Amino acid sequence: MSNNYKESFEKTKIAGSIAAGALDEVNKIARPGISTAEIDKICYEYINDYKAYSAPLFYRGFPKSCCTSANHVVCHGMPSDKILKEGDIVNVDVTAFKNGWHGDTSRMFKIGNVSVKAEKLIKTTYDSMMKAIKLVKDGIHLGDIGSTIQSHVEEQGFSVVQDFCGHGIGRTFHKEPNILHYGVKGTGKKISTGMIFTIEPMINLGDYKTKTLNDGWTAVTKDKSLSAQFEHTIGVTKDGYEIFTLSNTNN
Ligand code: MF3
Ligand code: CO
Ligand code: CO
């Protein structure tokens, strides 16, 4: 794996930058009155303009180009005519497929002014992801990533979703290993130079349990409490990591 990973890193960065750029476009229009379908259209068009594909579209039958997960939706929310209103928080998750490689990223968007609790949930979720990313280097254990996220989040009184996880990514959208966002330091497989995977913690204000709605996709918190998520695609190097889904204007 560690031989010759440069090409996979370069290609993932190209796909990742397109995905991040789509989220920058979303950032420009995320305000009260916009529908999640409009967000989907912006993502589809931006990615198409870069001659890339939206990997979620038709993935296992998913009908849209991105996931829009508002308020108590944990992940895999489907863009629809639903109008976002003042105080909503929404995760937009975009995956671009370009030249055979994937870049997967998501961010939270605040619709107008949001509650203090929602602000704190969003900040804690972002910080937990970044804290875990900063640990990444050849030889650490997967449990180091999970335990860092879990302890940061639980110290703030929030909970880590266990039903969904990060994942290896590359020519395939989702592959080994699973990246759990909870766990025990020093346990689990060791990661090695050249690996590419996502870290994408889903954090709930209340209980960690989720359920999936009848559409077969939309995952919500069982207790209807707010949920937040951020995601980056990263590569492992000998001394650290590279983030492939950075953008010019955010994160
Ligand atoms: N982008 C999601 C992830 O982070 C997967 C979405 S699959 C879809 O892995 F089909 F719901 F789009
Ligand atoms: Co992902
Ligand atoms: Co994603």
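Every number for a ligand or one of its atoms is a count from 1 in the order of the listing. What you see is a predicted model, and the numbers here were worked out from it, not measured in a lab.
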Find the distance between OH (Y241) and NZ (K134) and round it off to the nearest 0.5 Å. 6.0 Å
Out of curiosity, I203 CD1 to T221 OG1, how far, rounded to the nearest 0.5 Å? 13.0 Å
Mind checking whether H102 and F173 have parallel, tilted or perpendicular rings, split at 30° and 60°? parallel
With under 30° as parallel and over 60° as perpendicular, where do the rings of F97 and Y53 fit, or are they tilted in between? tilted
At under 4.0 Å between heavy atoms, is it the side chain or the backbone of [X] that contacts ligand 1, or both, or neither?
X: A55; result: neither
X: K64; result: neither
X: R60; result: neither

N, O or S from E200 under 2.8 Å to the Co ion (ligand 3): no
Per the side-chain hydrogen bond (donor to acceptor under 3.5 Å, both in side chains) rule, which among S106, S69, S227 passes with N91? S106
Strictly under 4.0 Å, does any heavy atom of T95 approach an atom of ligand 1? yes
Say whether F173 and ligand 1 are in contact under the criterion: heavy-atom distance to a ligand atom below 4.0 Å. yes
Report, rounded to 10°, the angle at the Co ion (ligand 3) between the two atoms OE1 (E231) and OD1 (D104). 90°
Of the protein's non-hydrogen atoms, which lies at the shortest distance from [atom], and what is that distance?
atom: atom 9 (O) of ligand 1; answer: H174 NE2, 2.6 Å
atom: atom 2 (C) of ligand 1; answer: D93 OD2, 3.4 Å
atom: atom 12 (F) of ligand 1; answer: P56 CB, 3.1 Å

Using a 3.5 Å distance criterion without hydrogens, assess whether the side chain of H76 forms a donor-acceptor pair with backbone atoms of A219. no
Is a side-chain donor-acceptor pair under 3.5 Å present for H181 with E200? no
Side-chain donor-acceptor contact under 3.5 Å, Q150 with S147: no
Considering only heavy atoms of H167, which atoms of ligand 1 have at least one such atom less than 4.0 Å away? 3 (C), 4 (O), 9 (O)
Taking distance alone, with no angle check, do [X] and ligand 1 share an N/O pair under 3.5 Å?
X: E200; value: yes
X: Y59; value: no
X: D104; value: yes

Between E119 and K123, does any side-chain N to carboxylate O distance fall below 4.0 Å? no
Here the N/O/S atom of H167 closest to the Co ion (ligand 2) would be NE2
Any chance you could lay out the salt bridge (Lys or Arg N to Asp or Glu O under 4.0 Å) test for D144 and K190, step after step, and finish with the verdict? CA-CA 9 Å; D144 301 342; K190 282 186 180 175; over 6 Å; no
I'd like the name of whichever of F58, F164, F62 reaches closest to atom 10 (F) of ligand 1 through any heavy atom. F62
